Amino acid sequence: MRMIAAVVSYELPMVIAIASIIVITGSMSLNDIVIAQQNYPFILLQPLAFFLIFIAGCAKSTAVHSI
């Protein structure tokens, strides 16, 4: 039960970081998100979002493999 709670808790920062990209582009379409990055990649505009997704993804993959 504790492992399930840990995996779910890693989802929240990932959703917030992805939501920030959706707010910037105004669309959930992957094509629109890629087109919106023509001038500047989103890693430069949203470094905190990248950091959150990276850390949460690493923590989630570690938690899933330890089950």
Side-chain angles (χ1 to χ4, degrees):
M1 192 67 169
R2 185 182 301 165
M3 194 59 63
I4 293 171
V7 170
V8 170
S9 69
Y10 299 138
E11 292 287 330
L12 186 62
M14 291 179 76
V15 169
I16 292 171
I18 292 170
S20 69
I21 300 300
I22 292 170
V23 168
I24 288 174
T25 59
S27 174
M28 290 181 66
S29 170
L30 290 178
N31 289 332
D32 292 341
I33 292 172
V34 170
I35 290 170
Q37 295 186 71
Q38 285 181 351
N39 296 331
Y40 298 104
F42 287 147
I43 192 170
L44 297 176
L45 296 175
Q46 291 286 330
L48 181 60
F50 170 75
F51 182 71
L52 285 174
I53 289 176
F54 181 75
I55 296 299
C58 291
K60 185 177 176 185
S61 67
T62 303
V64 169
H65 290 298
S66 66
I67 292 178

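Scope of the values below: all heavy atoms of this structure, side chains included, with no hydrogens, waters or symmetry mates. Predicted, not measured: the structure shown is a model, and the values here were computed from it.
- Closest approach of Ser20 to Ala49, counting heavy atoms only: OG-CB, 3.8 Å.
- Applying the side-chain contact (heavy atoms from CB on, under 4.5 Å) rule to Gln37 yields the partners Ile33, Pro41, Phe42; only residues at least two apart in sequence or on another chain are considered.
- Residue Leu44 holds its CG atom at 11.0 Å from CZ of Phe50, rounded to the nearest 0.5 Å.
- Taken from CG in Leu52 to CD1 in Ile18, the straight-line distance is 10.5 Å, to the nearest 0.5 Å.
- No path of Ile, Leu, Val, Met, Phe, Trp and Tyr side chains, each step under 4.5 Å between heavy atoms, connects Leu45 with Val34, placing them in separate hydrophobic clusters.
- Cluster membership check: Ile24 shares its hydrophobic cluster with Tyr40, using side-chain heavy-atom separations under 4.5 Å among Ile, Leu, Val, Met, Phe, Trp and Tyr.
- Here the CD1-CD1 distance, from Ile53 to Ile16, works out to 11.0 Å after rounding to the nearest 0.5 Å.
- Heavy atoms of other residues, nucleotides or ligands lying less than 6.0 angstrom from CG of Leu30 number 12 at most.
- Residues Gly57 and Met14 come closest through the heavy atom pair N-SD, 4.3 Å.
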